Structure formats: structure tokens, C-alpha cells
Amino acid sequence: MNQNLQPLRHEDFDLFFQIMEQSFPNVEVRPRLSEHALLQEDAFTVWARYSASKHAIDGFIAEWSFNDFLFIEHFAVAPSLRGNGIGGQMLKDYLRRTNKPVLLEVEEPETELAERRIHSTGATDLDLADLVMYNRICAVPAIASCFG
């Protein structure tokens with residue numbers, strides 16, 4: 001069954017945050033209350049792929065929407081489901097529904113594991129920028145000015 005991405009239901013925040021904590025280093029994860037507060041921001045959306053039962057989340061894409069482009073800040077699949085093509089399906093679904101350019105943040109391909117993770121997202125089919133600088137302290141990435 002192919003589940004489509006849907007906006008995260010507020011009552012499912014804990015399911016989303018659990019995958020976030022399992023998928024990213026602590027330095028890349030906001031405190032729970034700060035992340036939860038972002039759900040109130042108009043420019044921020046968490047797109048969830050719900051399981052067939054709708055009681056679990058298979059994965060998510062956390063997006064910032066700017067006037068001229070979209071920025072994927074976090075993209076993850078539940079650890080137990082990785083390696084089954086779900087991430088690639090999610091990204092294709094996401095890209096199909098937008099007409100704006102998409103900037104997907106990925107880690108540096110410095111290790112074999114990093115290269116596998118980048119490849120598993122389907123990001124290898126996208127154009128790769130050498131460097132984009134933004135401020136991790138701010139809630140909103142400061143990259144909009146790069147694309148003015």
C-alpha cells in the first residue's frame with residue numbers, strides 16, 4: 001500500500017519526535033518544547049507518512065516554506081522500516097506535489113554510511129550544492145537571502 005504524505009496531526013507529535021530523536025544527532029534536534037512550538041509557525045510543516053493502520057508514522061519530512069523555495073530541514077524514516085524504499089517514495093511524493101524549487105539538507109558525504117544515507121533518500125537524483133550556510137541557532141534557517 002502506498003500511503004501519501006499528510007500534514008502531521010498535532011496529537012501525533014510524540015510519534016514524530018521519537019523518530020526525530022532516533023534519526024539525528026542531539027545537536028541537530030531541538031528541545032521537545034521548541035520543536036512542538038514550531039507546529040504553530042505558518043512557514044513550518046511536518047509532512048508525515050502514516051502507516052496503513054494510521055496509528056504509527058513510517059517517516060516524515062519537516063519543511064520550511066519560503067516565497068521562492070522550500071527547505072527540507074529534517075527527513076527521516078522509522079529505523080525499523082529503513083532499507084525498504086520508503087524514503088525514496090516519500091521524497092518522490094513530496095516533489096510531485098510542489099512547483100517550487102526544493103532545498104534538501106543532507107550531511108556531507110564524508111563516510112560510507114553518509115553516502116548510503118544520501119543515496120537512500122533519492123537525493124542523488126537532485127542537483128547537489130557545494131555549500132549552503134545558515135544559522136542553526138535560529139528557528140528559521142537564514143538561507144532565504146541566498147536565493148533572493
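Quantities reported herein were computed from a predicted structural model and do not represent experimental measurements.
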Looking at Q22, E35, H36, which hits side chain to side chain contact (heavy atoms under 4.5 Å, CB included) with F17?
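Considering Q22, E35, H36, a side chain to side chain contact (heavy atoms under 4.5 Å, CB included) with F17 is found only for E35.
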Below 4.5 Å, heavy atoms only, C-beta onward: do [X] and [Y] meet side chain to side chain?
X   : Y   : result
D42 : F44 : no
T98 : L70 : yes
W47 : F60 : no
Q40 : H10 : yes
D93 : R97 : yes
F75 : E63 : no

Given 3.5 Å as the limit, does a donor-acceptor pair link the side chain of [X] with the main chain of [Y], or not?
X    : Y   : answer
S53  : H55 : yes
R82  : G87 : no
R49  : I57 : no
S34  : R30 : no
K100 : S65 : no
H74  : E28 : yes

First locate atom [atom1] of [X], then atom [atom2] of [Y], and finally report the distance between them rounded to the nearest 0.5 Å.
X   : Y   : atom1 : atom2 : value
D12 : Q6  : CG    : CD    : 9.5 Å
L95 : I72 : CG    : CD1   : 6.5 Å
L91 : I61 : CG    : CD1   : 5.5 Å
L5  : K92 : CG    : NZ    : 13.5 Å
E41 : L39 : CD    : CG    : 9.5 Å
E21 : D14 : CD    : CG    : 9.5 Å

Under the criterion side chain to side chain contact (heavy atoms under 4.5 Å, CB included), I'd like the reasoning laid out for L38 against W64: C-alpha separation, chi angles, the key distance, then a yes or no.
CA-CA 10 Å; L38 290 178; W64 287 98; 3.8 Å; yes
What are the two closest non-hydrogen atoms of D58 and Y50, and how far apart are they?
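It is OD2-O, 3.8 Å.
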